2 protein chains.
Amino acid sequence: METRTVGDVARMAGITVRTLHHYDEIGLLRPSERRDNDYRAYTDADVSRLQQILTYRELDLGLDEIARLLNETSDPVDALRQARHRIDRQLKKLRRIAARLDRAIDAELKGTPMTAYEKLEVFGDFDPNEFVTEAEARWGGSELFAATAKRTSAYTSADWKRQQAETDEIYRALLGLMREGVSADSTAAAELVDAHRSSIDKWFYECTPEIHAGLGEMYVSDERFRQSINRSGDGLAEFLSAAIAVRYSSA
Amino acid sequence: METRTVGDVARMAGITVRTLHHYDEIGLLRPSERRDNDYRAYTDADVSRLQQILTYRELDLGLDEIARLLNETSDPVDALRQARHRIDRQLKKLRRIAARLDRAIDAELKGTPMTAYEKLEVFGDFDPNEFVTEAEARWGGSELFAATAKRTSAYTSADWKRQQAETDEIYRALLGLMREGVSADSTAAAELVDAHRSSIDKWFYECTPEIHAGLGEMYVSDERFRQSINRSGDGLAEFLSAAIAVRYSSA
DNA sequence: CTAAACCATGACGTAACGTGAGGGTCAAGA
DNA sequence: TCTTGACCCTCACGTTACGTCATGGTTTAG
């Protein structure tokens, strides 16, 4: 069984010996063996584990989180697939940033400035589209989940842009109501709730009043949704959630 | 002129107020204005600057480095293009990691394990292919640069794999000589120098003895090359460089 | 007026190493 | 055998980029 010293491994991976010391120290990656002279001796299995650590590290996961993920499964293929999935998500994020930069360049050249929100929102970690699938899994069951995945898989970048624009418009209208002091139980708010539900229906899945009511709750009970929605404007998530609750409590 | 508070900006960007305080504190992003109540007031230009900061931050550049990059140009389009270029490099890296993971999954399923080096080298920051263009710009002039770019732009992923395999084989043979204690001024080493030059000739550009000699020097004088080559084996860069020097000093 | 949310500055703590000290081991060459 | 340079070990302080909390002023809505 061939093993490698800490320097060999560090060199191959483009990391420092100190890093490997650190990982040993915190129990993240302990060399399986030690040589007679007390030198660390890394086996192939150790190297595989390091591959996964470095993949997650590339994605800015903390070492605690990495340890947790690595302990979730003992099947090497599962572990690799999980890491692969994470890389895909980061690729998606970077592509979105790249596209936003392209738009910014275009805007500069044309003298049509982007809004502050357009410039910045892409840097958040929360992709509402991704969590729509979670919402539907929670409220719609697995058949609905599959149907949505099938429907959205064919969407182009332009489709997503349209979907986002539609949502933004509803959100802007809701914010308008809030600014004017219109109440969440008003007719105007109810109309926007209906528009919101129609939009989900159109872009994702058949959104029954029951599902929509559940979503409304989740928009304030799940911090990720709440924060994401509130990035379009303070208190939007709460207002929308309240409007949804009112809409279906009288139905 | 509309400005935004620190909380507004933080929310839009998915970062914390503390982060913006920190950036103000270190001079990386100072709000252009303050309100009468001393609240920070961020202008559109401030937001644009933040966009760039966050882009580079996404790529793990240190804040010092980010400040330096932002001060390199005052032209907004140049700045955006530069950031865009960096994003592309990171996209490339992630794609390489993804491909390596796919290979690892495949290898696991087929029971044909990857080498430790294959698992780990992709995590380094140095892409030798990218720096080949630097080498040629340094030693070959701009016509050669353009010709190479043209030639390599048509290469497929499989081409690059073949190129890499060819280089690996030459490196392995050189390491074999080193292990056997064969000297850098031996006939065997000279043959491998020739093979190395031919390979560059075949894959990149016409590699004259003069250029090759220059490359040999650079392999030890430029730390990036030296480290990259030495990841295939200790002392390889020095050995190859010495062999190249010998090869052309007697010609 | 009250309360909650937001703002300010100040300051200690944290995560993930980087850097250096001091000393042992290995391998090649003289 | 001795010397030297590269590599290894453990230990420990320092650095970077914030996170968290304290204290107190400001804004907004009820």
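Everything numeric in this text was worked out from a predicted model, so none of it was measured. Within every chain, numbering begins at 1; the chains are lettered A, B, ... in the order of the sequence lines, protein sequences first and strands thereafter.
Side-chain N/O atoms of B/S186 and B/S183 include no donor and acceptor closer than 3.5 Å.
Across all non-hydrogen atoms, the minimal contact from B/Y42 to B/L20 is OH-CB, 3.7 Å. In terms of heavy-atom proximity, A/D46 sits nearest to A/R30 at OD1-O, 3.6 Å.
Here B/R35 does not reach the OP1 or OP2 of C/dA8: none of its side-chain N or O atoms lies under 4.0 Å away. The shortest distance between the side-chain N/O atoms of B/T19 and the OP1/OP2 oxygens of D/dG19 is below 4.0 Å. Of the side-chain N and O atoms in B/T16, none sit less than 4.0 angstrom from OP1 or OP2 of D/dC18. Taking side-chain N and O atoms only, B/H21 has a distance below 4.0 Å to OP1 or OP2 of C/dA8. Taking 4.0 angstrom as the limit, A/Y23 places a side-chain polar atom (N or O) nearer than this to OP1 or OP2 of C/dC17. Dashed line: the shortest gap from a side-chain N or O of B/N37 to OP1 or OP2 of C/dA8 is not under 4.0 Å. Residue A/R34 has a polar side-chain atom (N or O) positioned under 4.0 Å from OP1 or OP2 of D/dT10.
In this structure, B/L29 places its CG atom 15 Å from C1' of D/dC18, rounding to the nearest Å. Following rounding to the nearest Å, A/D36 (CG) and C/dT25 (P) show an atom-to-atom distance of 12 Å. To the nearest angstrom, C1' of D/dC18 lies 10 Å from CD1 of B/I26. The distance from atom CD1 of B/I53 to atom C1' of D/dC18 is 14 Å, rounded to the nearest whole Å. A straight line from CG of B/L28 to P of D/dT16 spans 14 Å, rounded to a whole angstrom. Regarding A/D24, its CG atom lies at a distance of 14 Å from the P atom of C/dC17, rounded to whole Å. One can place CG of B/D60 at 11 Å from P of C/dC17, the figure rounded to the nearest angstrom. Note: CD (A/E25) to C1' (D/dT10) measures 9 Å, nearest angstrom.
With a 4.5 Å cut-off on side-chain heavy atoms, B/L215 and B/I244 do not count as touching.
As judged by a 4.0 angstrom heavy-atom cut-off over every strand, B/R40 is placed among residues touching the sugar-phosphate backbone only.
Note on B/D88 versus B/R84: salt bridge recorded, some NZ/NE/NH1/NH2 to OD/OE distance being below 4.0 Å.
Residue whose closest nucleotide on DNA chain C sits further toward the 5' end, between B/R18 and B/T5: B/T5.
Nearest nucleotide to the side chain of B/V6, out of C/dC17, C/dC7, D/dC9: C/dC7. Considering only the side chain of A/R11, D/dC7 comes nearest among D/dC9, D/dC7, D/dA17.
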